[in-house]
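Counting convention: from 1, in listed order, for ligands and their atoms alike.
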Amino acid sequence: MAEMMDRRRIYLDHAATTPFHPEVTEAMLPYLSDRFGNPSSIYSEGREARKAVEAARSRVAEALGADPSEIIFTSGGTEADNLAVMGTARANRDRGDHIVTTVIEHHAVLEPCHYLEDEGCKVTYLPVDGAGIVDPEELREAITPTTLLVSVMHANNEVGTVQPIEEISAVCRDAGVYLHTDAVQAVGALEVDVDRLGVDMLSVSAHKLYGPKGTGCLYVRRGTKLQSILLGGGQEKRMRSGTENVAGIVGFGVAMELAAREWRQRSEHVRPLRDRLIAGILERIPYTRLNGDRQRRLPNNVNVLFDFIEGEAICLKLDFQGIAASTGSACSSESGETSHVLLALGIPLEEAHGSLRLTLGRENRVEDVDYVLEKLPPIIEELRRISPLYPG
Ligand SMILES: *Cc1c(COP(=O)(O)O)cnc(C)c1O
């Protein structure tokens, strides 16, 4: 047992969450001990907390190419997505009742869309091609005079596909429709500048970029009509009631500053590791395919499909060898549901269960990749040997 505990762990699930950056932890610590003030209080403890929150807001805004007044701190990506979808739908009912999104969005966008359908809104779920890309021309055709919002994710959390957001925003601008993008997986891996992308709203989550869990933001372009989904004390300019998560926001600010400074370097670090993993897996293991687009994908994402076996069994065996990996999204592994993203890519239900997602991060090294390439083939071979479906 001791030997198992001491063994080196290789963390390859950065799309699920990331470890803390040491500078993030360091910046947060005072706000987890003696700097406990409520930012709304007028005495010095409160003013100190307010100053920290506003400094973080400036850092986040600067990292996104936004103005600090356009940042609403939230409890993370989920709340930012909920606020964007439900908040615009409710504030703009005079403009229409139609939303356009895609079949591969995160549940944090899809569920509010389903909820709004129950409230009488109409939602179009755009399909994607076999690689997981949305066609901007199909979006153009889906927009009607009653469309009030388009929501298309920047990069997919399961298969890593990167959408043509600039082309999509051109279509939305032509039509005069708000565009929201869930950029939770993109920030820190790609250049994310709200003006260059041309988006009106953009969601970010701190724990996907070496920051703390339970913090994130929604960027809201000045002039966008939005209604709060939380009712209470009116913090965040009435857009997000609730006492600010000061420590979390401080950590988020630092994580965003680091992401803006290091995204290119981080991408250049993980891209060759990703390519080595993909090539090594496809070379060594038969009946295996890459999910998603080969080129237009996040630099840290590997998502492969192994015929005849279950991704969950692979993950358990990898875990035993010291490797943390996942089948797809953290959410679908918990509920045991088939990935809606893989199904949207046209992968048959029985095959979709055989997927494995490996997502790299700043602390991974080439030795980690080689260790996986050594351990994975015998695991696949062993599982296939006991699979009744395996012909070999
Ligand atoms: C993780 C994730 C979310 C949810 O963010 P939380 O901060 O965990 O609520 C939303 N969208 C995408 C694409 C994600 O990867």
Report yes or no: is the cationic atom of R362 (NZ for Lys, CZ for Arg) closer than 6.0 Å to the six-membered ring centre of Y210, at no more than 45° off its axis?
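Yes, cation above the ring, under 6.0 Å and within 45°.
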
Take atom CD of E62 as the centre, draw a 6.0 Å sphere, and report whether it contains more than 12 heavy atoms from other residues, nucleotides or ligands.
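Atom CD in E62 is not packed in, count stays at 12 or less.
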
Quick one: look up the protein heavy atom nearest [atom] and list residue, atom name and how far away it is.
atom	result
atom 7 (O) of ligand 1	S205 OG, 2.7 Å
atom 6 (P) of ligand 1	G77 N, 3.5 Å
atom 11 (N) of ligand 1	D182 OD2, 2.6 Å
atom 3 (C) of ligand 1	H106 NE2, 3.5 Å
atom 2 (C) of ligand 1	K208 NZ, 2.6 Å

Just how far is it from atom CD1 of I309 to atom CD of E382, taken to the nearest 0.5 Å?
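Separation between the atoms: 10.0 Å.
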
So does R57 pair up with D67, basic N to acidic O under 4.0 Å?
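Looking at D67 together with R57, the answer is no, because their closest N to O distance does not fall below 4.0 Å.
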
Is R294 salt-bridged to D275, cutoff N-O under 4.0 Å?
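Result for this pair is yes, salt bridge flagged.
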
Using heavy atoms and a threshold below 4.0 Å, how should the contact between [X] and ligand 1 be classified: side chain, backbone, both, or neither?
X	value
T78	both
H207	side chain
M153	side chain
D81	side chain

Among side-chain atoms of T161 and D293, is any donor-acceptor pair under 3.5 angstrom?
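Note: T161 and D293 side chains miss the donor-acceptor criterion.
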
Under 4.0 Å from a heavy atom of G76: give me the atoms of ligand 1 that qualify, with their elements.
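Checking each atom against G76, I get 7 (O).
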
Taking the six-membered ring for Trp, are H353 and F308 ring centroids under 6.0 Å apart?
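No, ring centres 6.0 Å or more apart.
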
For the 3.5 Å polar cut-off, considering only N or O atoms, please tell me whether S75 and ligand 1 meet it.
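There is no such contact.
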
Can you list everything that forms a ring pair (Phe, Tyr, Trp, His ring centres under 6.0 Å) with H340? Sequence neighbours excluded, please.
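For H340 the ring pair (Phe, Tyr, Trp, His ring centres under 6.0 Å) partners, ignoring immediate neighbours, are H107.
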
